[in-house]
*Asks:* 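This is the structure, below, for whatever I ask next.
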Amino acid sequence: MKKGKKVWTNEEVAKLLRAVAAAYQIKGGKNAKFKAIAYDRAATAIEHSTSEAKDLWDDGQLDQLSGVGPSIAQHLDELFRTGRVKHFDEVLSGLPPAMFELIQIKGIGPKTAFKLCQALGIRKAKNALKRLEEAARDGEISRVVGFGSDSEAKILRSIKRFVQIGQKKKRMLLVKADFIAQELIDYLIQCPEVISADPLGSLRRRCATVGDIDLALATDQPQRVIDWIKRYSEVKEILRSGERLISVLLKSGHQIDLRLHPPDSYGSLLQHFTGSKQHNIHLRELALEQGLSLSEYGIKKLKAKSEKRKKFKSEKDFYQYLGLEWIPPELREDRGEIEAAMENGLPTLVKLEDMRGDLHIHSSFHIESSHDEGVDSMETIVKRGVELGYQYLAFTEHNPSRSRHTTRETIAIIKRKAHYIEQKRSSWINNLNIYVFNGLEVDIRPNGSLALPEAALDYLDFVIVSIHSIFDLSRREMTARILKALSHPKAKILAHPTGRLLNRREGYEVDWEPIFEFCRQNNKFLEINAYPERLDLPDVLVREAIKRGVKLVINTDSHAVEQLDYLRYGIDVARRGWAEAKDIVNTLPLKEFARAMGIEI
DNA sequence: GCCGTTTTCGGCCCGACTGTTTTCAGTCG
């Protein structure tokens with residue numbers, strides 16, 4: 001195999017920075033504690049970054065990451081250039097490399113890891129976890145000073161879990177987290193002592209993927225609620241259980257943390273554990289300047305003699321007390337929302353009720369396409385669209401397979417579909433008050449041309465263009481490919497623009513700047529694909545697009561009628577990207593929408 | 001080591017839970 005330069009993923013860079021942080025904690029020294037915090041924060045920033053740190057470095061943008069300052073940036077520069085960092089080597093020297101493997105285990109921090117490595121004689125990184133596991137099995141850990149049989153058992157469980165998750169290593173899709181949380185909430189609210197139950201954390205912020213599920217419960221009888229939770233039939237193991245907190249592992253392998261508070265301070269609880277961590281840290285720093293100290297129980301005045309805390313039933317009151325507008329959970333990522341809230345400058349986020357139609361739907365109309373056809377008839381889908389309150393929708397099956405049809409056959413198929421819709425359209429309008437557009441989702445070929453004959457395009461109101469194969473073009477080629485496709489007069493929408501599949505595939509490489517610019521100038525729209533595995537455009541790019549005046553559409557890409565309900569996941573993404581109704585074209589009433597699309601109806 | 005709506009110096013979020021050395025350090029979120 002050719003020996004190439006090592007590619008540093010964000011995950012690897014973060015792991016290295018965490019090792020340095022851990023080393024500072026063990027070695028101590030001047031400011032070591034705060035250096036450790038700084039390195040930890042930098043690691044988190046890089047883990048959470050939507051761009052690869054290496055790419056940012058390539059573009060000289062490393063300092064854009066909040067938490068990466070001049071010193072760490074310089075070290076990373078050395079890392080990416082030479083493959084190692086002299087300063088890091090010095091900090092890490094003298095410590096057993098194995099400990100940096102062990103700190104990945106939940107419950108084992110730097111001090112514990114160091115102590116274990118020393119006592120058990122584990123040094124090398126390789127097989128460190130395996131050796132720790134063996135030591136635990138043999139009862140060696142319980143004989144180490146400071147450890148007992150309980151911690152030994154706990155370490156064993158944590159390792160087991162780490163290995164299990166490590167194999168999957170995936171955060172669950174938002175839709176799945178919704179399902180698990182809802183089932184549990186349905187069970188919890190049957191408990192007479194539960195006053196309310198709400199999601200927290202990334203689930204409440206509606207992130208595309210969710211790690212652990214956190215729930216908040218309002219109750220005056222925490223012990224009885226804890227007992228109720230322990231009796232939930234899906235619980236496999238109680239991981240920990242206190243007066244206000246219980247963590248359980250479900251049979252499905254998912255961890256749920258439940259936090260209990262009395263109703264009079266429930267607002268503080270919701271706020272505190274909705275996060276994000278960065279949002280809360282920023283908020284606390286802000287509060288500190290006002291002489292206030294925030295916690296999950298409320299707000300304390302630092303100078304006041306009394307220990308009394310101001311409690312908050314609702315989040316609104318909490319934010320108001322700090323002089324801020326209430327910030328929707330989707331925005332709480334410390335991306336400027338706190339500053340905006342100070343000036344009453346938060347956006348009025350788009351809502352599900354604002355939506356007037358869905359433009360990316362695959363029916364079962366037999367079109368002999370190269371990709372999946374839908375399973376439900378146009379009739380069924382139209383009826384559901386009416387139930388959802390839509391004024392319009394569009395059928396956009398995939399283009400007929402090019403390899404299996406001649407040009408003439410392809411045109412015939414498209415003509416057949418056009419005639420079918422034409423024939424039905426007036427009855428749908430008159431009887432159901434819904435307008436049906438005749439669209440198509442057309443593959444963009446590698447050279448940027450559309451995989452549909454020009455003559456067939458004439459029969460369509462508009463087409464959605466998208467990339468379904470040949471993902472590995474260079475950034476420049478891919479950008480040119482997309483721009484060329486969008487430049488066709490019938491191409492109005494770029495579907496699932498990055499091509500990512502959550503947990504399965506990264507998006508392809510594209511330069512967004514020219515695409516944003518082209519869309520803005522030529523009335524082309526980027527799709528927020530609401531299909532739970534896509535959620536594409538991603539929230540960060542939604543924000544960038546909007547800033548540049550690009551209009552978006554939110555579509556489900558449904559292949560079955562029940563998937564029309566997935567539109568809410570597209571709304572989640574749009575809201576996380578600060579989108580208002582005016583930014584989303586399919587919030588427009590029918591006539592204005594048609595005008596925006598350049599379609600005569 | 002990072003960062004700035006009174007700061008380029010002087011701070012750095014706050015509290016619960018766990019296990020053990022039983023009075024608190026370590027870890028987590």
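FYI, side chains are in, hydrogens and waters are out, and symmetry mates aren't considered; it's all heavy atoms of this structure. So that the names make sense, note that chain A is the first sequence line, chain B the second, and so on, each numbered from 1.
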*Asks:* Could you work out the separation of B/dT18 and B/dT8 based on their P atoms and round it to a whole Å?
*Replies:*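 44 Å, rounded to whole Å.
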*Asks:* With a non-hydrogen cut-off below 4.0 angstrom, is A/F273 in contact with a base, only sugar-phosphate, or nothing?
*Replies:*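 No contact.
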*Asks:* Given atom CG of A/L286 and atom P of B/dT5, what is their separation to the nearest angstrom?
*Replies:*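 Spelled out: CG on A/L286 to P on B/dT5 is 10 Å.
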*Asks:* Using whole Å, what does the distance between atom C1' of nucleotide B/dC28 and atom CD1 of A/I246 come to?
*Replies:*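 Going from CD1 in A/I246 over to C1' in B/dC28 covers 17 Å.
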*Asks:* Looking for any heavy atom pair under 4.0 Å, which part of the strands does A/K35 touch: base, sugar-phosphate only, or nothing?
*Replies:*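 Base, at least one base heavy atom under 4.0 Å.
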*Asks:* Between A/H75 and A/Y39, what is the ring plane arrangement, given parallel below 30°, perpendicular above 60°, and tilted in between?
*Replies:*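 Parallel, since the angle between the ring planes stays under 30°.
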*Asks:* Would you find more than 12 non-hydrogen atoms of other residues, nucleotides or ligands less than 6.0 Å from A/E78 atom CD?
*Replies:*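 Yes, CD of A/E78 has more than 12 neighbouring heavy atoms, counting only those of other groups under 6.0 Å.
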*Asks:* With sugar-phosphate meaning primed atoms plus P, OP1 and OP2, does A/I105 contact a base, only sugar-phosphate, or nothing at under 4.0 Å between heavy atoms?
*Replies:*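 Sugar-phosphate only.
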*Asks:* If the glycosidic angle sits within 90 degrees of zero it is syn, else anti. Tell me which applies to B/dT6.
*Replies:*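 The base of B/dT6 is oriented anti (glycosidic angle more than 90° from 0).
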*Asks:* How far, in whole Å, is B/dG11 from B/dA16 if one measures between their P atoms?
*Replies:*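 Taking atom P in both B/dA16 and B/dG11, they lie 26 Å apart.
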*Asks:* Could you give the distance separating B/dC13 and B/dC28 at their C1' atoms, to the nearest angstrom?
*Replies:*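 It works out to 14 Å between them.
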*Asks:* Looking for any heavy atom pair under 4.0 Å, which part of the strands does A/H282 touch: base, sugar-phosphate only, or nothing?
*Replies:*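 A/H282: no heavy atom of the nucleic acid under 4.0 Å.
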*Asks:* Using the P atom as the reference point in each nucleotide, state the distance between B/dT22 and B/dG26 in Å, no decimals.
*Replies:*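 One P to the other, the span is 16 Å.
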*Asks:* Mind checking A/S158 for me? I need base, sugar-phosphate or nothing, with any heavy atom below 4.0 Å counting as a touch.
*Replies:*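 Counting heavy atoms under 4.0 Å across all strands, no contact is made by A/S158.
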*Asks:* What is the nucleic acid contact for A/N31, judged by heavy atoms within less than 4.0 Å: base, sugar-phosphate only, or nothing?
*Replies:*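 The answer is base, as A/N31 lies within the cut-off (heavy atoms under 4.0 Å) of a base atom.
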*Asks:* Among B/dT27, B/dC17, B/dC2, which is the nearest nucleotide to the side chain of A/P110?
*Replies:*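 Within the option list, the nearest is B/dT27.
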*Asks:* Can you tell me which nucleotide in B/dC14, B/dG19, B/dG29 comes closest to the side chain of A/D150?
*Replies:*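 The answer is B/dG19, which lies nearest to the side chain.
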*Asks:* Using the C1' atom as the reference point in each nucleotide, state the distance between B/dT6 and B/dG10 in Å, no decimals.
*Replies:*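 Nearest-Å result for B/dT6 against B/dG10 at atom C1': 15 Å.
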*Asks:* Classify the side-chain pair A/R161/A/Q255 by whether it contains a donor and acceptor separated by less than 3.5 Å.
*Replies:*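 There is such a pair between these side chains.
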*Asks:* Tell me the interatomic distance from A/D257, atom CG, to B/dG15, atom P, rounded to whole angstroms.
*Replies:*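 One finds 19 Å between P of B/dG15 and CG of A/D257, rounded.
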*Asks:* Out of B/dG29, B/dG1, B/dT27, which nucleotide sits closest to the side chain of A/K277?
*Replies:*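 Taking heavy atoms from C-beta onward, the closest nucleotide is B/dG29.
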*Asks:* With respect to the side chain of A/Y297, which nucleotide from B/dA16, B/dG19, B/dG1 is positioned closest?
*Replies:*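 Selected nucleotide: B/dA16.
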*Asks:* Going by atom type alone, with no hydrogens or angles, which donor-acceptor pairs under 3.5 Å involve a side-chain atom of residues 192-206 of chain A and a protein atom two or more places apart or on another chain?
*Replies:*
{"from": "A/D198", "atom 1": "OD2", "to": "A/Y266", "atom 2": "OH", "distance (Å)": "2.7"}
{"from": "A/R204", "atom 1": "NH1", "to": "A/T274", "atom 2": "OG1", "distance (Å)": "2.6"}
{"from": "A/R204", "atom 1": "NH1", "to": "A/E315", "atom 2": "OE2", "distance (Å)": "2.9"}
{"from": "A/R204", "atom 1": "NH2", "to": "A/E315", "atom 2": "OE1", "distance (Å)": "2.9"}
{"from": "A/R205", "atom 1": "NE", "to": "A/E333", "atom 2": "OE2", "distance (Å)": "2.8"}
{"from": "A/R205", "atom 1": "NH1", "to": "A/T274", "atom 2": "O", "distance (Å)": "2.7"}
{"from": "A/R206", "atom 1": "NE", "to": "A/D572", "atom 2": "OD1", "distance (Å)": "3.3"}
{"from": "A/R206", "atom 1": "NE", "to": "A/D572", "atom 2": "OD2", "distance (Å)": "3.1"}
{"from": "A/R206", "atom 1": "NH1", "to": "A/D178", "atom 2": "OD1", "distance (Å)": "2.9"}
{"from": "A/R206", "atom 1": "NH2", "to": "A/D178", "atom 2": "OD2", "distance (Å)": "2.8"}
{"from": "A/R206", "atom 1": "NH2", "to": "A/D572", "atom 2": "OD2", "distance (Å)": "3.1"}

*Asks:* Give me the atom names and distance for the closest heavy-atom approach of A/L324 to A/L286.
*Replies:*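 Looks like CD1-CD2, 4.4 Å.
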*Asks:* For A/R84, does the CZ atom have more than 12 heavy-atom neighbours from other residues, nucleotides or ligands under 6.0 Å away?
*Replies:*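 No.
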*Asks:* Can you measure A/L76 atom CG to B/dC2 atom P for me and round it to whole angstrom units?
*Replies:*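 My rounded result for the distance is 10 Å.
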*Asks:* Taking only N and O in the side chain of A/H272, is any of them less than 4.0 Å away from OP1 or OP2 of B/dC13?
*Replies:*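 Negative; the distance criterion is not met.
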*Asks:* In whole Å, I'd like the distance from the NZ atom of A/K33 to the C1' atom of B/dC2.
*Replies:*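 A/K33 atom NZ is separated from B/dC2 atom C1' by 15 Å.
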*Asks:* Return the value, rounded to whole Å, for the distance between atom CD of A/Q255 and atom P of B/dG29.
*Replies:*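 After rounding, the gap between these two atoms is 7 Å.
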*Asks:* Have a look at A/L283 and say if it touches a base, only the backbone sugar-phosphate, or nothing, with a 4.0 Å heavy-atom cut-off.
*Replies:*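 Nothing, no nucleic acid heavy atom in range.
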*Asks:* Would you please determine if the base of B/dT20 is stacked by A/F147, with stacking meaning a centroid separation under 5.5 angstrom and planes under 30 degrees?
*Replies:*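 According to the criterion (under 5.5 Å, under 30°), no, A/F147 does not stack.
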*Asks:* Name the pairing partner of B/dT8, where a pair is Watson-Crick or G-U wobble with both distances under 3.5 Å, or state none.
*Replies:*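 Partner of B/dT8: none found under 3.5 Å.
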*Asks:* So if I take every side-chain heavy atom of A/E343 and compare against B/dC2, B/dG26, B/dT5, which nucleotide ends up nearest?
*Replies:*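 Shortest atom-to-atom distance from the side chain points to B/dT5.
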*Asks:* Which of these nucleotides, B/dC2, B/dC13, B/dA16, is closest to any side-chain atom of A/E285?
*Replies:*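 Side chain of A/E285 sits closest to B/dC13.
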*Asks:* I want to verify a distance call: between B/dG1, B/dC13, B/dG29, whose nearest atom is closest to the A/D214 side chain?
*Replies:*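 Of B/dG1, B/dC13, B/dG29, B/dG29 is nearest to the side chain of A/D214.
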*Asks:* Tell me whether the centres of the aromatic rings in A/H261 and A/Y297 are closer together than 6.0 Å.
*Replies:*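 Yes.
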*Asks:* Using the benzene-type ring in the case of Trp, are the ring centres of A/F318 and A/W326 under 6.0 Å apart?
*Replies:*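 No, ring centres 6.0 Å or more apart.
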*Asks:* Can you figure out which of B/dC14, B/dT27, B/dG19 approaches the side chain of A/L288 most closely?
*Replies:*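 Selected nucleotide: B/dC14.
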*Asks:* A/I37 near the nucleic acid: base, sugar-phosphate alone, or nothing, with a heavy-atom cut-off under 4.0 Å?
*Replies:*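 The residue A/I37 makes no contact with any strand.
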*Asks:* Among B/dC2, B/dT27, B/dC12, which nucleotide sits nearest the side chain of A/A38?
*Replies:*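 Minimum distance to the A/A38 side chain belongs to B/dC2.
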*Asks:* To the nearest angstrom, how far is A/L245 atom CG from B/dG29 atom P?
*Replies:*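 So the two atoms are 11 Å apart, to the nearest Å.
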*Asks:* Does A/G275 reach a base, just sugar-phosphate, or nothing at all? Heavy atoms under 4.0 Å.
*Replies:*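 If one applies the 4.0 Å heavy-atom cut-off, A/G275 turns out to touch nothing in the nucleic acid.
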*Asks:* Between B/dT5 and B/dG1, how far apart are the C1' atoms? Round to whole Å, please.
*Replies:*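 Looking at atom C1' only, B/dG1 and B/dT5 are 23 Å apart.
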*Asks:* Assign A/K106 to base, sugar-phosphate, or nothing according to its heavy-atom contacts below 4.0 angstrom with the strands shown.
*Replies:*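 Sugar-phosphate, no base atom in range.
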*Asks:* Base, sugar-phosphate or nothing for A/E243? Non-hydrogen atoms, less than 4.0 Å.
*Replies:*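 Sugar-phosphate only.
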*Asks:* Write down the distance separating the P atoms in B/dC14 and B/dC9, rounded off to the nearest Å.
*Replies:*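 25 Å, rounded to whole Å.
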*Asks:* When the C1' atoms of B/dA25 and B/dT20 are compared, how many Å lie between them, rounded to an integer?
*Replies:*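 The answer is 10 Å between these two C1' atoms.
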*Asks:* For the side chain of A/S293, starting at C-beta, report the closest nucleotide among B/dG1, B/dT27, B/dC14.
*Replies:*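 The closest nucleotide is B/dC14.
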*Asks:* Round to the nearest Å and state the distance from A/E152 atom CD to B/dG19 atom C1'.
*Replies:*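 Going from CD in A/E152 over to C1' in B/dG19 covers 13 Å.
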*Asks:* With A/K310 as the cation and A/F312 as the aromatic partner, state whether NZ or CZ is under 6.0 Å from the six-membered ring centre and within 45° of the axis.
*Replies:*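 Positive - A/K310 is close enough to the ring of A/F312 and near enough to its axis.
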